[in-house]
**Q** 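Below you'll find the structure I mean.
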Amino acid sequence: MNVLIEFLALPVFFYPPCLAKHHTNFSDYASLLAFKSSLQLEHHNILSTNWSSGTHYCSWYGVSCLNQRVVALELPNLAIQGRIVSEITNLTRLAVLDLISNDLNGNLPSDLGFLQQLRVLNVTGNSLDGTIPPNISCCRLLQELHLSENVIKGRIPQELGLLSQLRFLRLNDNNLTGKVPSLLGKLSKLEYFYLHENDLEGEIPDEIGDLSTLKLLSLRGINFNGSIPASIFNISTLQIVDLNINAFSGELPSDLRNYLPILEHVFLDSNRITGKIPVSLSNSSKLTALDLTENDLQGNIPSAIPSSLFNISLLEVLKARHNYLNGHLPHDLGTWLSNLHDIFLSHNQFSGDLPAAICNASKLVYLEVANNSFTGPIPMMLGNLVDLKNLNLQNNLLANKLGATKLDFLNSLVTSRNLDYLVLESNPLNGIFPESIGNLSSKIKVLTALDCGIRGSIPTNLGNLSSLIFLGLARNNLVGNVPPSFVGLQNLERLYLTGNKLEGSFPAELCSLGRLDLLHLEENRLSGSVPPCIGNLTELREMSIAANNFNSNLPSSFWRLIKLDGLNLSRNMLHGFLPSDVGALKAMNIMDLSFNKFSGEIPYSIGSLQNLDSLYMSRNAFQGPIPGTFSNLIVLEYLDLSTNALSGTIPKSLELLQDLKYLNVSFNNLQGEVPNKWVFANLSYRFLMGNPRLCGAPGLHIPLCTAQGSTRTRKKSLILAVTVPVVITFLILVVLFFTWMIWLRKKNVIENNGSDSPPRMGHQKITYYELLQTTENFSQSNLIGSGSFGTVYQGTFSGGTVFAIKVFDMQWQGVLRNFDSECEILSNPTDDMFDGDLSLHKWVSLSFPDAVLDILDADLVSDIGFTRDKNDENLSQIKQLLVLIINVAFLYLKELPEERVNMREVVVQLKKIRAELTKLLTHSHTEYEKED
């Protein structure tokens, strides 16, 4: 009984009732007027004037009639706005509804199923939303359904599988969700199926392989997963299959050719397909495009890539970028590919020579083999590729012809008059540019040969390449000046000359390149001044002249470069004040002025650069306060003001910079309380050191401020009111006593030694600016040594005094302890007995407690020795008290603060010792009087 119910229910479910409307020609007229009234038409729109009551509706624009009934409404590309009203479904004889490329919105009418004569429905390229009406399945004669390029959402109705006459189904570029209904496999006459760029999920149903008349299948950009159903490759009529940008995995079937005899285009880009390229694919003689980019294909030629694939004479496009393919390319590559115009094999593991036969593929337009391990010389006959537009050889091991000095392969490229992009970077070419480089295509836009070991000077006629937009010659061995002919590069937008040996002054010719937006001249030997004409480069967004020898003020015109978002002037000898005009650089994101000689106060206007992410101003001579306006730099992450002469306090307002990750204000003249929130909460001492008047950060070895100390003292005043004066008095007496005894000993030593001892040199105060002068800006010529913690330079001061200056590397862990140790050694010369591992502290520790009398001052021992012959018991007791005092000192002199005893415990211990000492001395005095 249940089986019968299910059987009877199937026709009801799959064949929903399709009711018909009975209308006349008058209802057609009313339906058209209702449609027009729902539209917002411009007065010049043809429907505004043409669709009028003065003419018969069958003569209206876009309306076709048969027997006074509307059979076609075709209004494409009219920019009409509005909705498709439900009255449109009263056109019951309508066979064609074409509203492509307008600005219609709203839902599709829910009763589209009443249009039972409809053959073509095309609403592509509008702004329709809502869902696909399931009752569209009642349009049983429908052959073309075009709903693409809208914002239609929801699931694909499985009822679409009932449209048995359907040949075109275009649902692409919408917001459809859910899975692909397996019932779509029932569309036995379907030839073109476009579903790409939706938000569908899951796997492709196997039933799609039942579409036996399918010619095109486009499922790109949907994020399907799983393996590609083998059934798809059983569709013998298939010509184009586009499965790009999904998450398909697994291997391709090995027998593709057996069932795809007329396959022309295969697009499998951006998936996770593994294994090899099937050998059978090379038997698809009509194959013109194969795209396997960004998969996980692996193996070598010919096992992973059949050599015969390169013999398909109709092949035009071969893309296999970003895989794990390796081996050598066939030596005859290009011999049989007479129609090949695109070959992309970059980002693989190919090796061996780049076959010279590639030059036989005379129709080649794009040749890209970057990021492999090709070796040997670049083919000399590339000029045979007269249609070549893009040549990308970067990141290989390609070299110049053996024994050649000049890069002669460039000579042949002169005949490639359509060349737009020439990318040679990161190959060991190690040669000199020939003069012919200036005769390359007048259309060339990109020429980059970064990191190629190119020698010699920049050819003068390089300035002939007037279409250049990008010129990259960085990290080579170029010498000489920038040619004046660069004035001819009027379209240049990006110039990279970093890391060469270029000399001379700032190339004034560059000032005329009005479109320049990136200028990189860093790490050369340029010198002189920054010219005022720099202000002409008003499109400049990024500029770096770091690590040169520029030694001027910045011209006032410099601050007209208001589009700058990256500026690096570091490691020069630029000087002068920064004007308030710096605040005009509103787009600035990164500014590096470090290692120069800028002076004066930091302009408060820098606080208006609210896009600033990183600001480096270290190693200059800036003075005055840190501007409080820095708190306005709300996206600032890195701020380095170290090694200047800044004074005043650290603005507490810097605590407001919640994105600040790095702050360094070391080696200035700052004073006052260190803030303690946000970046300051995790700041280490090395970023504050060199500011002796800072206070308020005891956890960083920075003392408490006076106000803080007073507050804490008041809190403890009731506890320490009595003990502190007693302890202080006692400690002062002990210190004075020991000091007096030591002074007596030193006096005797000096008197005994006469005047032979050399005088000690006092400390000389030296400014950072003087250090820069004496070491010539810490130049390599003054470097005399380096070690784990830093480097040592020689400097000669006025008067001829030669000093050694050690520059500590603050990035090394433990460098501060090393610095403190060296200072202690230099400031505390000790007795000759303390050599090797034996220090004063260690000697006392080894002698304690048994030989405590041996480590005390001899005069102190003799002073307490009045009891030595009188009462051995008293001497022993005094010795025990001395041991206790020194033990307290040891406990308080621990190296780490957390290991030291607190002051309260010190007070308790010293009070006990004092009581015992008083008692002992009183007893000794009584006994002494009795003896007398």
Side-chain angles (χ1 to χ4, degrees), residues 6-23 31 71-73 84-100 106-124 126 128-148 150-172 174-195 198 200 202 204-205 207-214 217 219:
E6 290 179 3
F7 177 77
L8 293 174
L10 280 174
V12 177
F13 182 74
F14 289 122
Y15 300 94
C18 296
L19 304 177
K21 290 183 179 181
H22 300 285
H23 291 282
S31 297
V71 295
L73 180 59
I84 304 176
V85 293
S86 61
E87 285 84 352
I88 207 79
T89 64
N90 294 333
L91 302 173
T92 54
R93 298 290 179 87
L94 194 66
V96 177
L97 178 58
D98 183 359
L99 302 173
I100 185 174
N107 300 341
L108 286 169
S110 59
D111 48 0
L112 277 176
F114 286 120
L115 300 177
Q116 295 180 10
Q117 301 297 315
L118 198 63
R119 268 75 166 175
V120 176
L121 173 58
N122 193 342
V123 292
T124 294
N126 283 281
L128 298 170
D129 52 18
T131 59
I132 301 173
N135 73 351
I136 201 171
S137 61
C138 292
C139 304
R140 300 289 170 77
L141 301 178
L142 195 64
Q143 297 178 20
E144 298 183 22
L145 177 58
H146 304 273
L147 305 180
S148 57
N150 284 282
V151 286
I152 297 172
K153 57 191 176 184
R155 295 178 175 270
I156 300 173
Q158 60 181 350
E159 288 86 352
L160 293 184
L162 301 176
L163 298 173
S164 58
Q165 303 300 311
L166 203 62
R167 294 187 304 110
F168 286 82
L169 178 57
R170 301 189 62 151
L171 305 177
N172 56 283
N174 280 289
N175 296 324
L176 296 171
T177 55
K179 297 183 177 181
V180 177
S182 58
L183 280 178
L184 295 185
K186 300 292 184 182
L187 301 174
S188 58
K189 294 186 178 181
L190 193 65
E191 297 178 10
Y192 299 91
F193 186 14
Y194 297 87
L195 194 55
N198 276 287
L200 299 166
I204 300 176
E207 288 79 1
I208 295 299
D210 297 334
L211 302 175
S212 58
T213 60
L214 197 64
L217 176 63
L219 304 179

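Computed from a predicted model, the values in this text were never measured in an experiment. Values below: every heavy atom of this structure, side chains too, minus hydrogens, waters and symmetry copies.
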**Q** What is the distance from atom CG of Asp129 to atom CG of Asn107, rounded to the nearest 0.5 Å?
**A** 5.5 Å
**Q** Would you check, one step at a time, whether the test salt bridge (Lys or Arg N to Asp or Glu O under 4.0 Å) holds for Glu144 with Arg119?
**A** CA-CA 6 Å; Glu144 298 183 22; Arg119 268 75 166 175; over 6 Å; no
**Q** What distance separates Glu191 CD from Gln143 CD, expressed to the nearest 0.5 Å?
**A** 10.0 Å
**Q** Rounded to the nearest 0.5 Å, how far does OH of Tyr194 lie from CG of Leu219?
**A** 12.0 Å
**Q** Above 12 or not: heavy atoms from other molecules or residues under 6.0 Å from CZ of Arg167?
**A** yes
**Q** Report yes or no: does Asn174 contribute a side-chain atom to a donor-acceptor pair with the main-chain N or O of Asn172 at less than 3.5 Å?
**A** yes
**Q** Do Pro133 and Asp111 come within less than 4.5 Å of each other through their side chains, counting heavy atoms only?
**A** no
**Q** Would you call the rings of Tyr192 and Phe168 parallel, tilted or perpendicular, where under 30° means parallel and over 60° means perpendicular?
**A** parallel
**Q** Does the side chain of Glu159 reach to within under 4.5 Å of the side chain of Ile136, using non-hydrogen atoms?
**A** no
**Q** For the residue pair Leu187 and Phe193, establish whether any side-chain heavy-atom pair is separated by less than 4.5 Å.
**A** no
**Q** How about CZ on Arg93, more than 12 heavy atoms from neighbouring residues, nucleotides or ligands closer than 6.0 Å, or not?
**A** no
**Q** Nearest 0.5 Å, what's the CD1-CG distance between Ile156 and Leu195?
**A** 4.5 Å
**Q** How many angstroms lie between CG in Leu171 and OG1 in Thr124, if you round to the nearest 0.5 Å?
**A** 9.5 Å
**Q** Are Lys189 and Gln165 close enough that some pair of their side-chain heavy atoms sits under 4.5 Å apart?
**A** yes
**Q** Before giving the answer on side-chain contact (heavy atoms from CB on, under 4.5 Å), spell out for Asp98 and Val120 the whole-Å C-alpha distance, their side-chain angles and the decisive distance to 0.1 Å.
**A** CA-CA 7 Å; Asp98 183 359; Val120 176; 5.9 Å; no
**Q** Might you point out which heavy atoms bring Leu200 and Thr177 nearest each other, and give the distance in Å?
**A** CD2-O, 3.3 Å
**Q** Between the main-chain N or O of Ser188 and the side-chain N or O of Thr213, is there a donor-acceptor pair closer than 3.5 Å?
**A** yes
**Q** When you compare the side chain of Leu160 with that of Leu145, does any pair of heavy atoms fall below 4.5 Å?
**A** yes
**Q** If you measure from OG1 on Thr89 to CG on Leu108, what distance do you get to the nearest 0.5 Å?
**A** 12.0 Å
**Q** Mind checking whether Ile88 and Leu73 have side chains closer than 4.5 Å, heavy atoms only?
**A** yes
**Q** If we only count heavy atoms from C-beta on, is the Leu176 to Ile132 side-chain gap below 4.5 Å?
**A** yes
